[in-house]
**Student:** 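Please see the structure below; I have some questions.
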Amino acid sequence: MRERRRGGAVGAMADGNADWMGSLPPALRSLPLSNLAIPGSHDSFSYWVDEKSPVGPDQATAIKHLARISLVRKIMKKWSVTQNLTFKEQLEGGIRYFDLRVSSKPGEIGQEIYFIHGLFGIKVWDGLKEMNSFLEQHPKEVIFLDFNHFYAMDDSHHHFLINRIRSAFESKLCCVECVEYVTLLYMWEKKHQVLIFYHHPLYQAYPFLWPGNKMPAPWANTTNVHKLLQFLETTLGERSRYGTFHVSQAILTPRVKTIARHLIRGLKNTLVHRNLPMILNWVKAQKPGVMGVNIITSDFVELVDFAATVIALNDLLLEEDESAT
């Protein structure tokens, strides 16, 4: 068995993994994307949130009242931010799956849609344009955009957002297809680079919107790293053999009492820093494939060598291929 190399067959650590999909060996280009190991980010857009704007409609009424105090919004920011890197920086570092929650701004004229996690983030349109600029420069890279939470949005807001998505990516959008057909070679042949997952019934009206059930992302909802790892193992074991992608959310979620005890420290200093090494060790022990890991997401993806570690798992598929031949 070959020695595992950091970055391995996908290499490219020097350039930040910006072209890791295009650099995969031929044997992996014909595998379904659902069988590859792909790094993703949790609450991908939260690198910037607006502490000066009102609290978002995703929050409870009591929080909205409290957040009229500017100090409360500053504390909220410490717990709402789960990433430090912009979309461009995440893409250059190898992240290919993006977890997206969106909302209109109640009281604002027009139908503009923003990213949201407690506090409002940037306009979705600005984020989509930033991603498309990267894709223009890296034509063999493929991204997954998972629109999984919608707030304060009626059908007209949805149609507005969907038209924005279409305008941003145009022919790069991959229409819904049998999951097993979607390989890198398939995407390259059709010059597609973007798969959109849309967790709302309106997906049925647009051929380029994949239903949310094709991208299951079981959530452990725990502050305990041991419970998280057990949950990840259990849900991997229950993964559908065919017909869907799969997200392993390698993230810890603060409880209200966690936040109350560590108000000023924030998410990164309370939960993420001390538990990331153990989570990364779990990632290193995984194997992609039909019943293995597919997409793995993390908070603060730059704090450890997260993306490179996930990408390197694809070497195991090469070893499997070599042993089969």
Side-chain angles (χ1 to χ4, degrees), residues 37-49 58-59 76-87 89-90 93-102 115-119 121 144-149 197 199 212 215-239 245-259 261-262 265-286 288 292-311 313:
I38 298 169
S41 55
H42 168 242
D43 282 323
S44 311
F45 50 86
S46 65
Y47 53 86
W48 184 85
V49 291
D58 59 335
Q59 296 299 298
M76 280 187 71
K77 182 175 179 179
K78 284 183 173 289
W79 292 91
S80 294
V81 170
T82 67
Q83 303 297 335
N84 287 327
L85 303 184
T86 65
F87 285 134
E89 290 166 338
Q90 290 181 48
I95 299 299
R96 294 294 176 266
Y97 165 92
F98 296 87
D99 164 35
L100 307 173
R101 298 135 200 254
V102 298
F115 294 116
I116 191 160
H117 189 219
L119 297 166
F144 302 77
L145 304 187
D146 192 0
F147 289 86
N148 50 53
H149 287 73
F197 296 83
H199 297 242
M215 186 60 80
W219 176 41
N221 192 17
T222 181
T223 58
N224 184 301
V225 69
H226 301 288
K227 288 181 180 176
L228 167 66
L229 300 184
Q230 181 57 57
F231 178 85
L232 291 173
E233 289 289 339
T234 301
T235 50
L236 261 184
E238 295 166 350
R239 178 185 173 185
F245 298 93
H246 182 85
V247 181
S248 297
Q249 294 199 68
I251 59 163
L252 294 167
T253 306
R255 300 263 192 269
V256 172
K257 65 182 181 184
T258 314
I259 297 171
R261 281 183 195 146
H262 307 281
R265 294 186 72 204
L267 177 70
K268 182 165 67 173
N269 294 324
T270 303
L271 285 180
V272 179
H273 259 310
R274 62 191 170 93
N275 291 304
L276 260 183
M278 195 177 295
I279 291 171
L280 199 67
N281 283 338
W282 178 85
V283 172
K284 288 174 181 174
Q286 298 313 301
V293 290
N294 178 202
I295 294 161
I296 308 177
T297 60
S298 175
D299 290 323
F300 301 104
V301 293
E302 81 292 345
L303 289 184
V304 289
D305 220 355
F306 172 73
T309 302
V310 175
I311 294 165
L313 296 177

**Student:** Does Asn224 reach the main-chain N or O of Lys227 with its side chain, forming a donor-acceptor pair under 3.5 Å?
**Tutor:** yes

**Student:** Parallel, tilted or perpendicular, judged at 30° and 60°: which one describes the rings of Phe245 and Phe197?
**Tutor:** perpendicular

**Student:** Quick one: closest heavy-atom pair of Pro39 and Val310, and the distance?
**Tutor:** N-CG1, 3.6 Å

**Student:** Is it true that Asp299 and His42 share a donor-acceptor pair across their side chains at a distance under 3.5 Å?
**Tutor:** yes

**Student:** Apply side chain to side chain contact (heavy atoms under 4.5 Å, CB included) to residues His246 and Leu236 and explain how you reach the verdict.
**Tutor:** CA-CA 8 Å; His246 182 85; Leu236 261 184; 4.0 Å; yes

**Student:** Out of curiosity, Thr222 OG1 to Gln230 CD, how far, rounded to the nearest 0.5 Å?
**Tutor:** 11.5 Å

**Student:** Is there a side chain to side chain contact (heavy atoms under 4.5 Å, CB included) between Trp282 and Val293? Walk through the geometry before answering.
**Tutor:** CA-CA 11 Å; Trp282 178 85; Val293 290; 4.1 Å; yes

**Student:** Using 0.5 Å steps for rounding, measure from the CZ atom of Phe115 to the CZ atom of Arg101.
**Tutor:** 12.0 Å

**Student:** Mind checking what makes side-chain contact (heavy atoms from CB on, under 4.5 Å) contact with Asn281, not counting sequence neighbours?
**Tutor:** Lys284

**Student:** So which heavy atom on Ala217 is nearest to which on Val247, and how close?
**Tutor:** CB-CB, 3.6 Å

**Student:** Checking Ile38 against Asn294 for the side chain to side chain contact (heavy atoms under 4.5 Å, CB included) test, could you report, in this order, the C-alpha distance in whole Å, the side-chain angles of both residues, the deciding distance, and whether it holds?
**Tutor:** CA-CA 6 Å; Ile38 298 169; Asn294 178 202; 4.0 Å; yes

**Student:** Within the 4.5 Å heavy-atom criterion, are Ile251 and Trp219 side-chain neighbours or not?
**Tutor:** yes

**Student:** Would you confirm whether Ser248, through its side chain, and Leu232, through its main-chain N or O, come within 3.5 Å as a donor-acceptor pair?
**Tutor:** no

**Student:** Please name the residue in the list Asp146, Thr297, Asp43, Ile295 that meets the side chain to side chain contact (heavy atoms under 4.5 Å, CB included) test with Asp99.
**Tutor:** Asp43

**Student:** If you compare all heavy atoms of Leu100 against all heavy atoms of Phe45, which two are closest, and at what distance to 0.1 Å?
**Tutor:** CA-CE2, 3.9 Å

**Student:** For Gln90 and Ser41, what are the C-alpha separation, side-chain angles and deciding distance, and is it a side-chain hydrogen bond (donor to acceptor under 3.5 Å, both in side chains)?
**Tutor:** CA-CA 8 Å; Gln90 290 181 48; Ser41 55; 2.6 Å; yes

**Student:** Tell me if a side-chain donor or acceptor on Glu233 pairs with a main-chain N or O of Leu229 at a distance below 3.5 Å.
**Tutor:** no

**Student:** Roughly how far apart are Leu313 CG and Ile296 CD1, rounded to 0.5 Å?
**Tutor:** 6.0 Å

**Student:** Which heavy atom in Ala37 sits nearest to a heavy atom in Pro288, and how many Å separate them?
**Tutor:** N-CB, 3.8 Å

**Student:** Would you please name every residue forming a side-chain contact (heavy atoms from CB on, under 4.5 Å) with Ser298, sequence neighbours left out?
**Tutor:** Leu276, Val301, Phe306

**Student:** Could you grab the distance from atom CZ of Phe98 to atom CG of Asn148, nearest 0.5 Å is fine?
**Tutor:** 13.5 Å

**Student:** What are the two closest heavy atoms between His199 and Met215, and how far apart are they?
**Tutor:** CE1-O, 4.2 Å

**Student:** If you round to the nearest 0.5 Å, how far is CD1 of Ile116 from OG of Ser46?
**Tutor:** 12.0 Å

**Student:** Mind running side chain to side chain contact (heavy atoms under 4.5 Å, CB included) on Phe87 and Tyr47 for me, showing each step along the way?
**Tutor:** CA-CA 9 Å; Phe87 285 134; Tyr47 53 86; 3.5 Å; yes

